[in-house]
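FYI, side chains are in, hydrogens and waters are out, and symmetry mates aren't considered; it's all heavy atoms of this structure.
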Amino acid sequence: MSSPVTRFFLVRHALVEPSARAVLYGAMDVALCDLALRQEAALYRWLAARLPHPARWFVTHLSRTRATAAAIFAAGYPEQPLEEEPDFAEQHLGAWQGIPHEALPALLTEPPHPFWPHSGEERPPGGESFRDVLARVGAALERMAHLLEGQDVVVIAHGGSIRAALAHAIGLTPHQALHFSIRNLSLTRLERHGTDWRVAAVNEEPWTLPAAEPDRPAA
């Protein structure tokens with residue numbers, strides 16, 4: 001008899017406010033961008049319709065995830081209790097948090113990743129390497145998959161923790177995981193089948209077919 005499938009719906013939080021984007025904010029608690037909240041109303045409506053119901057909802061201890069969940073509820077998803085899962089938080093950048101992006105290269109001890117400001121093995125003073133993030137997110141996924149077997153689970157998370165979840169699911173190295181680009185408000189879906197993980201979607205977003213061209217008269 002096969003085990004019930006546990007489905008994880010991972011949503012990256014909405015865009016943060018401009019002053020936060022000017023620095024390495026990592027695990028700092030920064031606010032969402034008010035303008036983007038208004039401009040992206042259609043994305044919230046899509047998520048409200050797309051996410052499963054019923055489901056268990058989780059956020060991290062960072063307020064941008066709770067605010068994103070609130071915006072999805074306001075767009076039409078029935079409001080749910082939010083459970084906190086700090087192990088899905090963004091990478092803690094230690095002493096680097098709050099510094100301008102242009103100050104980072106002088107602080108690195110390893111070459112940066114081609115698609116990220118630092119390598120997957122670089123550990124900031126007082127912070128975490130991306131390998132550390134992969135380990136804590138992977139452990140959280142396994143724990144939640146065991147405790148919530150057969151359920152649908154929505155997690156409002158972060159770009160780093162969603163990359164780490166993908167890496168855990170398919171056995172990627174930290175370097176390989178940083179090749180993923182995770183868009184704000186995109187949906188990544190993972191499924192746990194027994195002891196095996198399946199990636200069902202990455203960066204799922206709404207789309208529409210182009211308008212049909214009018215029929216042309218026969219020549």
Stepwise salt bridge (Lys or Arg N to Asp or Glu O under 4.0 Å) test for Glu149 and Arg192: CA-CA 8 Å; Glu149 185 178 24; Arg192 176 64 180 251; over 6 Å; no
Looking only at the side chains, is there a donor atom on one of [X] and [Y] sitting less than 3.5 Å from an acceptor on the other?
X	Y	value
Glu122	Thr109	yes
Tyr25	Trp96	no
Ser19	Glu17	yes

Residues pairing under salt bridge (Lys or Arg N to Asp or Glu O under 4.0 Å) where one sits in residues 151-169, two or more places apart or in two chains, turn out to be Arg7-Asp152
Cluster link Leu32 to Leu82, ILVMFWY, side chain under 4.5 Å: yes
Check the orientation of Trp197 and His168. Use parallel for under 30°, tilted for 30 to 60°, and perpendicular for over 60°. perpendicular
Give me the ring orientation class for His113 and His175: parallel if the planes are under 30° apart, tilted from 30 to 60°, perpendicular past 60°. tilted
Rest of the hydrophobic cluster containing Leu134 (Ile/Leu/Val/Met/Phe/Trp/Tyr, side-chain heavy atoms under 4.5 Å)? none
Check the pair Leu185 / Tyr44 against side-chain contact (heavy atoms from CB on, under 4.5 Å), numbers first and verdict last. CA-CA 8 Å; Leu185 296 178; Tyr44 290 105; 3.8 Å; yes
I would like to know whether Ile99 and Val23 meet side-chain contact (heavy atoms from CB on, under 4.5 Å); could you show each step before the answer? CA-CA 5 Å; Ile99 68 170; Val23 300; over 6 Å; no
Would His92 and Glu90 count as a side-chain hydrogen bond (donor to acceptor under 3.5 Å, both in side chains) if you check the C-alpha gap in whole Å, the side-chain angles of each, and the deciding distance to 0.1 Å? CA-CA 6 Å; His92 197 296; Glu90 186 56 278; over 6 Å; no
Trp116 and His179 aromatic centres sub-6.0 Å: no
